[in-house]
Amino acid sequence: MKPIHIEINGRAISAEVEPRQHLADFMREELLLTGTHLGCEHGVCGACTVLIDGAPARSCIAYPVALDGAKITTIEGLADDPVAARLREAFTREHGLQCGFCTPGMMMMARDIVLRRPGLDEEAIRHELAGNLCRCTGYVGIVRAIKSVAAERMGEAPVVTRGSEVAPPVYASPLALPVAPSRVAADAAPAAPAAAQAPDAAPFVAEPLRNPVEIVEAFDVAAPRASVWALFQDPARVIACLPGARLTEPSDGRSVVAEMTVKLGPIQAAFGGTGVIAADPANWSGTIDGRGVDSRSATRVQARLNYALTETEAGAATRVRVEVAYVLQGPLAQMSRGAIARDLAARMTASFAANLNAAIKGEAAPAEAAPLDAGSLLLAMVKGWLARLFGRG
């Protein structure tokens, strides 16, 4: 048992919890806050969505032992909230609920949407709600309800303190891993030259990452280290090897403006951003720092990639070691699971390595025009896991 001190709906809670008990079970069983519903218990359906330090999060994959000092708001905590009251009226008027099982999580997300993005249109609302599933309504009434309240707030400044009166923290999403290295390789590094900035972008300044997801991968390239190094100094060639990535402006070799597209189940996100690159020739290594934003969901990513090249096979080949650290903030950050992240990292690395080997040899890289599809990679991961499971027999 571990002692924790958290705040739920404005009430200070001190308790001892099992490390394996997730937040939804703790609230429902220990505090009798049964307004939060449990559906898949895998962070997929969105029924258990609550606010953690002001930002929507899945309570079935959040753990009280990791939330010491956090402020949590459940659907019960919005009883007197004026925006939630308007949403309740709109949901009733537009017949936005039937069985009601998804409604608490849907309401938590709807409130975040209308506060963060007042006046948004139907397409954007559907994109934002892609992580909250409903089996009854067909979403028509739900979308109409949210759209009507969002329209009421047209012209108002987006709210970033979201109910708990604290700035929303940065949340990490392993599921979005393919975005990070690509955005990194398409975003990039420590000092921030002014060149190659997007027209309306502020000068890029690399900032420390708060509680990042960190993943390390390595692969071999059948070419001498000098050849691999030369390719890594050419951002256009590197980004051409990344699935779903492209330069949106010519690079001067030190900075980039690029876009990375990735599919997360029903969601397709296109992260556009800027970055800078720093190389250390003496140690055959470099650092790429970058940041980007998906304009549709307003999800932001900040990432850092460190790479190092080591000679192998008596200099005939090169081992590339890549260390990625990244954080996401926004709706897509809810969809996160560590096992998927590791598999996605391995698969993306394999695709990048194959394209890199082809580029070194002067061959055409395998076609990767389509965005990286996390859904298909998840299916492949499950098939691989089943094959390993039954292969042991």
Any chance you could lay out the side chain to side chain contact (heavy atoms under 4.5 Å, CB included) test for D81 and T73, step after step, and finish with the verdict?
-> CA-CA 11 Å; D81 181 81; T73 304; over 6 Å; no

Could you please spell out the steps behind the side chain to side chain contact (heavy atoms under 4.5 Å, CB included) verdict for R304 and I288?
-> CA-CA 6 Å; R304 168 169 292 177; I288 305 172; over 6 Å; no

Walk me through it: do L120 and I113 pass the test side chain to side chain contact (heavy atoms under 4.5 Å, CB included)?
-> CA-CA 9 Å; L120 77 174; I113 291 170; 3.9 Å; yes

Before giving the answer on salt bridge (charged side-chain N to carboxylate O under 4.0 Å, His left out), spell out for R319 and D220 the whole-Å C-alpha distance, their side-chain angles and the decisive distance to 0.1 Å.
-> CA-CA 4 Å; R319 166 144 289 220; D220 294 316; 2.8 Å; yes

Please lay out, stage by stage, how K71 and D53 fare under the test side chain to side chain contact (heavy atoms under 4.5 Å, CB included).
-> CA-CA 5 Å; K71 294 183 179 180; D53 287 337; 3.7 Å; yes

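The closest donor-acceptor contact from the side chain of R93 to the backbone of A145 lies at 3.5 Å or more, if one exists at all. Although no hydrogens or angles enter the test, the distance criterion places a donor-acceptor pair under 3.5 Å between the side chain of R88 and the main chain of A79. Proximity of a side-chain donor or acceptor of S285 to a complementary backbone N or O of A308 within less than 3.5 Å is not detected. In terms of modelled atom types and a separation under 3.5 Å, the side chain of D68 and the main chain of H5 share a donor-acceptor contact. Using a distance-only test at 3.5 Å, with no hydrogens or angles considered, no donor-acceptor pair links the side chain of R321 to the main chain of A218. Between the side chain of R126 and the main chain of V143, no donor-acceptor pair closer than 3.5 Å is present. Side-chain atoms of T318 come within 3.5 Å of backbone N or O of A223 as a donor-acceptor pair. At distances below 3.5 Å, not a single donor-acceptor pair connects side-chain atoms of D112 with backbone N or O atoms of A55. Checked by atom type and distance alone, the side chain of S59 pairs as donor or acceptor with a backbone atom of C48 at under 3.5 Å. D280 places no side-chain N or O within donor-acceptor distance of the main-chain N or O of G286, the cut-off being under 3.5 Å.
No side-chain heavy atom of V324 sits under 4.5 Å from any side-chain heavy atom of Y307. At least one side-chain heavy atom of I72 sits less than 4.5 Å from a side-chain heavy atom of M27. The closest side-chain heavy-atom distance from E16 to K2 is not below 4.5 Å. Put simply, the side chain of H37 reaches to within 4.5 Å of the side chain of R28, judged on heavy atoms. When side chains are defined from C-beta on, L31 does not count as touching E76, because their heavy atoms never get closer than 4.5 Å. Looking at L356 and F219, their side chains come closer than 4.5 Å, going by heavy atoms from C-beta outward. Between T36 and P104 the shortest side-chain heavy-atom distance does not fall below 4.5 Å. Using a 4.5 Å cut-off on side-chain heavy atoms (C-beta onward), F352 and V320 make no contact.
Here the closest non-hydrogen pair linking L97 and F91 is CD2-O, 3.8 Å. Closest approach of L67 and A62 over heavy atoms only: CD1-CB, 4.2 Å. Shown here for F271 and D294, the closest heavy-atom pair between the two residues is CD2-N, 3.7 Å. Of all heavy-atom pairs spanning A47 and G39, the tightest one is CB-N, 4.3 Å. When all heavy atoms are compared, the tightest approach of M109 to N132 is CG-OD1, 3.6 Å. Taking each heavy atom of H42 and I61 in turn, the nearest pair found is C-CG2, 4.0 Å.
Once rounded to the nearest 0.5 Å, the distance linking CD1 of I142 with OG1 of T137 reads 3.5 Å. The distance from atom CG of D234 to atom CD1 of I239, rounded to the nearest 0.5 Å, is 9.5 Å. To the nearest 0.5 Å, atom CD1 of residue I146 and atom CE of residue M106 are 7.5 Å apart. Of the inter-residue distances, the one linking L231 atom CG with R237 atom CZ reads 4.0 Å to the nearest 0.5 angstrom. Rounding to the nearest 0.5 angstrom, the gap separating the NE2 atom in H127 from the CZ atom in R117 is 8.0 Å. Rounded to the nearest 0.5 Å, atoms CG (L87) and CG (L78) are 9.5 Å apart.
Between T74 and N9, the side chains place a donor N or O and an acceptor N or O closer than 3.5 Å (distance only, hydrogens not considered).
In E123, the CD atom is not crowded: 12 or fewer heavy atoms of neighbouring residues, nucleotides or ligands sit closer than 6.0 Å. Within 6.0 Å of atom CZ in R135, 12 or fewer heavy atoms from other residues, nucleotides or ligands are found, so the atom counts as exposed in its surroundings.
In the hydrophobic clustering of this structure, M107 does not group with L38; members are Ile, Leu, Val, Met, Phe, Trp, Tyr whose side-chain heavy atoms approach within less than 4.5 Å, directly or through other members. In the hydrophobic clustering of this structure, V44 does not group with F101; members are Ile, Leu, Val, Met, Phe, Trp, Tyr whose side-chain heavy atoms approach within less than 4.5 Å, directly or through other members.
Relative orientation of the H22 and Y63 rings is perpendicular, given thresholds of 30° and 60° on the angle between their planes.
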